[in-house]
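All remarks here apply to the structure that follows.
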Amino acid sequence: MAGGKQPKKQFVPFCAGIACGIFISIILFIGFATPAILKSLWKSSVAPVLSREVNYNEHGYHPEVQPWEGNVVPSSINSTIPIDLEPEPVEVENPAWEVNLTPVHIPGFLLQELKLKKKVFVGVINPSVVNTPNIELILKTWAKDWMENGDGDITIYTPMGVDITKTKKANIYYLSDVHNQFSLQNLNEGTISMIYQTLDDICSQHIDAYHHYFIVGGNTYVSLDKLLNFTKRLDDSSVLWIGHKEDTKDRFKHFINEPSSYCSSGPGFVLSRQALQLLCPRLPTCKRDYGSNTVPPGLQLARCVKRFLNTSCTYTDKDIFHKSSITPDPYSTSHPYDDSITVHPVSDDVTMFKLHHFFLSQQLNETIRSNEYLHNIIQTMDRVLVQEGGMSDDRLILGRNGNENKYRHGDVITWERVEHGNGETHDEILVVSEAEPKRELSKSDKISTDKVKVAAITHFKEKLGDTREVKAGDIFRRVVPGVGYQYMVDVISGKDEVATVCLDQPYGRMTTIRSHTAPNVKVNFVLPLLEGSPYFKDFMQMFEQACMSIDRAQNVALLVVLYTPGSGNGSFDEKNSDTLTQLNLYKQKYPALSLRWINAGDRPFSSIGGTWMAVKALPADTLLCSTDLFMLMSPEYLHHARLNTVPGERLSFPVPFQRVLPLDNDDEGILRSSGFWRSFDYGLFCGYKQDIMRACEGQNFASGADLYERALSTGLDVFRAPEHALSIGWHERECRDDQLSVDEQRNCEELNKNLNLASSAIN
């Protein structure tokens with residue numbers, strides 16, 4: 001019995017298992033099949049609403065988005081620009097551990113992207129063949145600076161068949177099928193086809209390499225320094241389209257939701273990387289739907305941007321992308337593009353170069369302002385170092401009197417001299433650092449010097465109260481880092497330089513900082529001399545012509561320091577001295593002339609030693625100038641000696657012109673073939689005795705260069721410029737002479753070395 005009932009007990013669990021399996025299968029089927037069914041039903045019900053790429057008519061427009069082709073927008077129009085904006089993904093907060101990420105944890109592709117990103121890509125669209133010469137100018141002006149600085153890359157987008165000189169750093173991209181698409185309005189801005197092809201190239205070649213992308217017309221000047229500063233303040237992770245605002249005219253309004261304004265492509269516009277990434281895959285649709293040449297290209301792009309980015313052109317209150325109907329003049333009293341990134345349109349090469357000079361000057365002034373700010377920080381830190389227990393010489397920039405002395409008195413900054421013409425000759429500039437000792441002024445030089453002359457004359461008459469007729473003479477100028485342009489203008493009345501006016505131009509506006517009237521003081525020339533020199537007679541003839549012919553005898557003095565070798569124990573015979581005989585002859589001819597001499601004895605000849613003996617012998621308020629036996633001096637040098645030295649403030653170390661011709665054949669002017677500036681020589685100087693003693697602290701100086709360095713370290717100003725009224729005749733120098741001191745021989749050999757190097761360069 002028990003064995004017969006066992007099959008019935010096993011059958012019940014078996015049936016229950018089958019039922020359970022069927023039930024689970026039904027549940028799984030419903031779970032997997034329901035979403036697909038619902039999705040299919042959802043698509044069939046809403047597809048006509050969401051689809052934008054189907055059912056285009058013969059004109060390429062969706063039936064519900066027909067454009068209006070009339071000139072006036074009727075009130076009944078109901079066509080709109082579709083908005084195909086995809087929602088941005090929800091931002092996820094960064095977990096705390098990401099703060100400590102190292103490059104090892106960053107994926108390779110992301111690390112490569114971060115390294116590739118540069119600041120700005122510049123695309124220049126050549127709007128027409130007529131405008132091609134402007135592209136050549138761009139590559140010589142603002143584009144050249146941009147490429148050399150390495151802030152970004154430039155590509156020139158131009159119609160096919162246009163010949164543009166290729167450069168190593170600027171790419172040339174030829175646009176296809178645009179030569180027949182020009183209208184009058186496109187001559188300045190190009191066509192929408194050009195813009196789309198430009199964006200196509202950027203999307204395919206440059207999309208992952210830059211923060212921002214700047215598209216500009218080829219007849220536009222761009223201040224790239226301001227463009228770079230502007231884009232640095234932008235967020236490239238945002239959708240940005242920034243440019244010059246143009247209002248949409250009624251005749252171009254084809255849609256109800258037509259953009260009210262757009263970015264004009266001529267003055268240029270900026271696209272952020274995020275905006276371009278979203279726009280790139282939509283360009284084929286934009287070409288098809290918004291590619292008409294009868295509508296401004298900026299408006300066509302605005303329709304594309306609105307449809308796929310749901311944004312419009314952004315502009316600022318300031319006209320940073322300047323557009324004008326008149327030719328810009330940077331030197332006019334009113335120019336609204338001072339703060340502009342671009343100036344459009346530029347129709348000729350003269351305007352392009354003027355704008356380039358104008359914006360470069362602005363950039364220099366910004367650099368000067370920045371240097372001035374950094375200088376003030378250094379000065380403040382210097383004071384803190386001293387206050388915290390440092391020594392007075394413990395400075396951030398070393399120097400006996402600290403940073404300010406070295407900063408303000410740049411010992412390597414030589415003044416340029418703009419030599420005033422005499423009516424028959426033009427103004428010319430003398431520059432020590434250039435290969436040519438003299439050259440004509442450029443147009444920009446003339447503009448700046450004319451302004452300086454007017455400012456100097458105006459200041460002289462107003463501040464000094466002088467009513468006589470005066471004019472501007474020679475102009476000195478230099479550029480000091482952290483300070484800016486500095487000018488000194490000689491003011492002339494008749495034949496005499498009566499004053500000097502000093503001006504600064506640190507921030508674009510010129511200011512007068514000091515006026516110095518020429519004092520009517522005696523100039524004492526000091527001449528160390530070996531007794532019996534055959535060249536002394538020639539020197540006295542030159543001295544007579546230079547000094548007696550223009551100035552009164554009582555305003556000039558000559559002090560000869562006479563070395564008399566072989567006259568030991570006081571055996572020097574004054575009556576038979578050739579030197580003293582010459583001095584007596586000139587004393588009789590010019591009784592008011594001060595001609596004196598110092599007996600240096602039979603010690604070895606030393607030019608600097610003899611000068612030091614004269615310095616000690618003269619009164620403290622004496623203006624003295626060192627001389628050379630072979631010095632050729634013009635009358636103007638007397639005035640320059642008075643104007644370029646200021647008691648208690650400044651010494652003068654003029655740069656003489658070294659003649660390469662013999663003394664008897666020295667009629668040629670200041671030309672490269674006739675000589676060079678002795679920029680390496682500091683042996684000739686002028687200054688008041690009190691300042692020379694202050695510079696050398698009452699001790700002998702080893703050379704003119706030694707006195708020069710000591711003057712700077714003491715806080716005295718040093719004036720150094722080419723001196724056209726002072727030259728040195730060529731002569732052979734024998735340095736190995738028993739009559740010369742050891743120091744004199746060493747200085748002579750060094751001078752010969754420099755002279756031979758300079759003269760060989762000319763030959």
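Any value given below was found using the heavy atoms of this structure, including those in side chains, with hydrogens, waters and symmetry copies removed. All of these numbers come straight from a predicted model, not from anything done at the bench.
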Check: Tyr682/Glu709 side-chain N/O donor and acceptor closer than 3.5 Å: no

Gap separating the OG1 atom of Thr627 from the CG atom of Asn524, nearest 0.5 angstrom: 11.5 Å

Check: Ser652 side chain, Thr645 main-chain N or O, donor-acceptor pair, under 3.5 Å: no

Any residue meeting ring-ring contact (aromatic ring centres under 6.0 Å, His included) with Phe657, in chain and number order, not counting sequence neighbours: Trp677

Residues forming a side-chain contact (heavy atoms from CB on, under 4.5 Å) with Leu360, sequence neighbours excluded: Asp145, His356, Gln363

Aromatic plane relationship, Phe685 with Phe653 - under 30° parallel, 30 to 60° tilted, over 60° perpendicular: tilted

Spatial distance of atom CZ (Arg417) from atom CD (Glu723) [nearest 0.5 Å]: 4.5 Å

Aromatic Phe630 / basic Arg659 pairing, under 6.0 angstrom, 45° off normal: no

Heavy-atom donor-acceptor pair, Arg650 side chain to Asn644 backbone, under 3.5 Å: yes

Side chain Asn754, main chain Asp681, donor-acceptor under 3.5 Å: no

Partners meeting ring-ring contact (aromatic ring centres under 6.0 Å, His included) with Phe525 (sequence neighbours left out): Phe543

Test side-chain hydrogen bond (donor to acceptor under 3.5 Å, both in side chains) applied to Gln582 - qualifying residues, sequence neighbours left out: none

Donor-acceptor pair, side chain of Arg642 and main chain of Val521, under 3.5 angstrom: yes

Residue pair His639 / Asp490, side-chain donor-acceptor N/O under 3.5 Å: no

side-chain hydrogen bond (donor to acceptor under 3.5 Å, both in side chains) involving Asp339 - partner list, sequence neighbours excluded: none

Results of side-chain contact (heavy atoms from CB on, under 4.5 Å) for Arg746 - residues two or more places apart only: Val742, Asp743

Side-chain (Ser533) to main-chain (Leu530) donor-acceptor, under 3.5 angstrom: no

